[in-house]
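As the structure is a computational prediction, the values presented were derived from the model and not from experiment. Keep in mind that the numbers below use all heavy atoms, side chains included, and drop hydrogens, waters and symmetry copies.
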Amino acid sequence: MNARDEVSVPALLARRVAGVRAATLGLLDGLTPEDCMLQSMPEASPVKWHVGHVAWFFETFVLEPWQPGFRPFDPAFRELFNSYYVGVGGRHPRGQRGLLSRPSLDRVMAYQESVQERLLAWMDEAAPPRALALVELGLHHEQQHQELIATDLKHHFWHNPLLLPAWRPAPPDGPALEPGPPVFRRHEAGRVDLGHAGGGFAFDNEAPRHRAWVEAFELAQRVVSNAEYAAFIEDGGYRRPDLWLSDGWDARVRGNWDMPLYWMRDEGRWRCYTASGPRPLDPAEPVCHLSYYEADAYARWAGARLPTEQEWERAATQAMAEGSCLPADGDFSESGLLHPARLRVDAPGFLGGVWEWTQSAYLPYPGFRPAAGAVGEYNGKFMINQMVLRGGSCATPRSHIRATYRNFFAPGARWQYAGLRLAR
């Protein structure tokens with residue numbers, strides 16, 4: 001690396017800091033301070049808290065240890081906006097974030113602005129490479145919270161049944177055509193290389209690169225559509241315990257599930273709640289807002305199964321190498337949309353649209369080592385009682401998606417843009 005390159009790294013990173021923050025704040029367009037305070041369940045956080053937390057990450061992990069003469073914006077924010085970093089200190093209870101009428105939204109916005117100004121000024125001077133790596137991690141962390149702002153806000157608004165507010169543009173109108181039966185591609189048995197190979201950012205749970213044996217399998221070229229999932233419902237899929245895992249059936253009964261989250265029956269017709277308000281269900285769109293249990297039950301009903309994450313990554317990587325894997329249309333930060341596009345029939349899509357449940361438990365790769373210190377709590381300590389999802393969604397920034405990305409949620413989670421792809 002020459003001197004010119006060394007100078008360019010902080011400058012390029014600074015532009016990304018500004019761009020990512022602009023996308024975060026763009027998600028607040030049209031929202032009121034009251035909207036930004038909502039918390040509909042302990043697993044979902046208020047928009048105001050998300051904005052404060054992404055600023056907190058940079059202040060706590062970058063500015064505090066590296067900025068000369070560091071002084072916190074507000075000492076109380078260290079605990080208030082801490083999420084799960086036990087090594088940092090105290091944390092405000094997660095389920096009580098919606099009770100924080102103070103600090104005001106204006107105060108939180110002033111906080112994030114102050115952190116960004118201090119961060120950019122410090123990067124313009126002499127930021128060491130180790131600190132710049134933390135800035136890069138903070139940017140991807142913030143992009144994760146952009147997605148959480150979208151999914152959490154949709155869940156918050158769902159609990160206003162009299163209005164079911166719209167806050168984003170509607171997808172373009174057009175013919176709602178079912179894409180036809182799924183086509184399966186066969187992949188022969190073999191030893192494959194999995195995990196991130198370097199040359200760009202990756203979270204620690206995507207490494208180390210390792211080899212695994214994958215038996216022969218077939219994988220659908222597209223995810224399951226709304227029309228296909230509606231057929232599962234009409235055939236009594238939610239009333240047949242033989243299709244469900246025992247834990248999943250118990251969750252279905254407790255939650256009184258009989259359709260995906262945000263679906264509604266209106267005079268015999270299917271409708272769904274979206275970021276642009278209630279809309280008729282488009283049969284050609286991917287089904288989403290499914291739990292792992294629902295995805296698994298549908299796969300059994302369809303005479304198939306969910307893929308392992310090794311199968312999914314192998315197929316996605318191969319399609320990308322062939323140039324035949326097209327990402328889903330649009331980026332929410334550019335289009336303003338927060339809804340999956342209709343399925344494409346011209347090429348397999350593995351990136352964007354909806355997250356895809358796999359049958360793989362979220363576990364460390366062989367040789368995995370979390371980072372030292374509190375930042376090492378980012379991923380490793382959640383490697384239990386979670387299932388892996390792959391591929392990204394319509395709420396995932398496009399620059400944040402890659403074939404090795406391992407998302408994870410508890411199997412009963414439904415508020416994420418999650419669907420499924422069939423394997424056999």
Side-chain angles (χ1 to χ4, degrees), residues 150-151 154-155 158 171 176-184 219-240 243-244 248 251-252 255 257-266 269-276 278-307 312 328-329 337-345 348-359 387 389-396 407 409 411-424:
T151 55
K154 186 174 182 178
H155 194 266
W158 174 246
L177 302 176
E178 171 64 13
V183 175
F184 285 80
L219 191 67
Q221 294 285 77
R222 62 166 176 82
V223 294
V224 172
S225 70
N226 281 332
E228 290 165 333
Y229 198 85
F232 165 73
I233 298 174
E234 300 293 351
D235 195 44
Y238 280 87
R239 301 189 301 272
R240 290 180 52 185
L243 297 174
W244 293 71
R252 189 210 69 78
W257 298 345
D258 56 5
M259 63 186 72
L261 183 63
Y262 306 129
W263 280 31
M264 301 170 283
R265 278 282 202 182
D266 185 5
R269 297 180 181 179
W270 287 114
R271 293 174 62 80
C272 64
Y273 177 57
T274 74
S276 58
R279 300 176 59 241
L281 190 72
D282 188 331
E285 290 174 355
V287 64
C288 64
H289 297 297
L290 298 179
S291 67
Y292 171 85
Y293 300 129
E294 291 164 294
D296 179 75
Y298 175 89
R300 294 170 193 268
W301 174 82
R305 60 173 174 82
L306 299 178
W312 190 97
D329 295 333
L337 300 178
L338 283 171
H339 193 72
R342 291 190 181 100
L343 295 170
R344 305 177 67 153
V345 296
F350 284 90
L351 305 178
V354 293
W355 284 104
E356 302 175 29
W357 286 107
T358 73
Q359 65 171 252
M387 303 301 289
L389 303 96
R390 291 299 195 105
S393 81
C394 59
T396 311
N407 199 359
F409 278 98
R414 305 177 86 208
W415 84 106
Q416 296 301 315
Y417 288 93
L420 76 148
R421 182 186 303 265
L422 295 177
R424 61 192 188 191

[X] vs [Y] side-chain heavy atoms within contact, under 4.5 Å:
{"X": "H155", "Y": "L261", "result": "yes"}
{"X": "T358", "Y": "L389", "result": "no"}
{"X": "R421", "Y": "L219", "result": "yes"}

Is the centre of the [X] ring less than 6.0 Å from the centre of the [Y] ring?
{"X": "W312", "Y": "F350", "answer": "yes"}
{"X": "W244", "Y": "Y298", "answer": "no"}
{"X": "W355", "Y": "Y417", "answer": "no"}

Would you please classify the geometry between the W301 ring and the F232 ring as parallel, tilted or perpendicular, with 30° and 60° separating the classes?
->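 Plane angle over 60°, so perpendicular.
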
How are the rings of Y229 and Y238 set relative to one another: parallel (under 30°), tilted (30 to 60°) or perpendicular (over 60°)?
->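 Rings of Y229 and Y238: perpendicular, as their planes differ by over 60°.
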
Minimum heavy-atom separation for [X] to [Y], with atom names?
{"X": "E228", "Y": "R222", "result": "OE2-NH2, 2.8 Å"}
{"X": "V223", "Y": "P286", "result": "CG2-CB, 3.7 Å"}
{"X": "S291", "Y": "W257", "result": "OG-CZ3, 3.4 Å"}
{"X": "P278", "Y": "Y273", "result": "N-CD1, 4.0 Å"}
{"X": "I233", "Y": "P260", "result": "CD1-CD, 3.8 Å"}

Sequence-distant partners of A230, side chain to side chain contact (heavy atoms under 4.5 Å, CB included), two or more places apart |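 Residues passing side chain to side chain contact (heavy atoms under 4.5 Å, CB included) with A230: W263, W270.
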
Between R300 and R305, does a side-chain contact (heavy atoms from CB on, under 4.5 Å) hold up when you go through it step by step?
-> CA-CA 6 Å; R300 294 170 193 268; R305 60 173 174 82; over 6 Å; no

Nearest-0.5 Å distance that lies between atom [atom1] in [X] and atom [atom2] in [Y]:
{"X": "L338", "Y": "C394", "atom1": "CG", "atom2": "SG", "answer": "6.5 Å"}
{"X": "E356", "Y": "L306", "atom1": "CD", "atom2": "CG", "answer": "10.0 Å"}
{"X": "L290", "Y": "M259", "atom1": "CG", "atom2": "CE", "answer": "12.5 Å"}
{"X": "R279", "Y": "H339", "atom1": "CZ", "atom2": "NE2", "answer": "4.5 Å"}
{"X": "L351", "Y": "T396", "atom1": "CG", "atom2": "OG1", "answer": "10.0 Å"}
{"X": "M264", "Y": "L281", "atom1": "CE", "atom2": "CG", "answer": "9.5 Å"}

Partner residues of R414 under the salt bridge (Lys or Arg N to Asp or Glu O under 4.0 Å) criterion, sequence neighbours left out =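 R414 satisfies salt bridge (Lys or Arg N to Asp or Glu O under 4.0 Å) with E294 once adjacent residues are dropped.
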
Going through the distances and angles, do E234 and R239 end up as a salt bridge (Lys or Arg N to Asp or Glu O under 4.0 Å)?
-> CA-CA 10 Å; E234 300 293 351; R239 301 189 301 272; over 6 Å; no

For the pair H289 (side chain) and Q416 (backbone), establish whether a donor and an acceptor sit closer than 3.5 Å, ignoring hydrogens and angles.
->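 A pair under 3.5 Å: yes.
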
With no hydrogens and no angle check, is any side-chain donor or acceptor of N226 less than 3.5 Å from a backbone partner on A284?
->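 No, because the side chain of N226 does not come within donor-acceptor range (under 3.5 Å) of the backbone of A284.
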
side-chain contact (heavy atoms from CB on, under 4.5 Å) between F184 and R424, worked out = CA-CA 9 Å; F184 285 80; R424 61 192 188 191; 3.6 Å; yes

Steps toward side-chain contact (heavy atoms from CB on, under 4.5 Å) verdict (F409, W357) | CA-CA 9 Å; F409 278 98; W357 286 107; 4.0 Å; yes

Can we say E285 and R342 salt-bridge, meaning some charged N sits less than 4.0 Å from an Asp/Glu carboxylate O?
->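 No salt bridge links E285 with R342.
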
Stacked cation flag R271 on Y262, 6.0 angstrom / 45 deg |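 Pair R271/Y262 does not count as cation-pi.
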
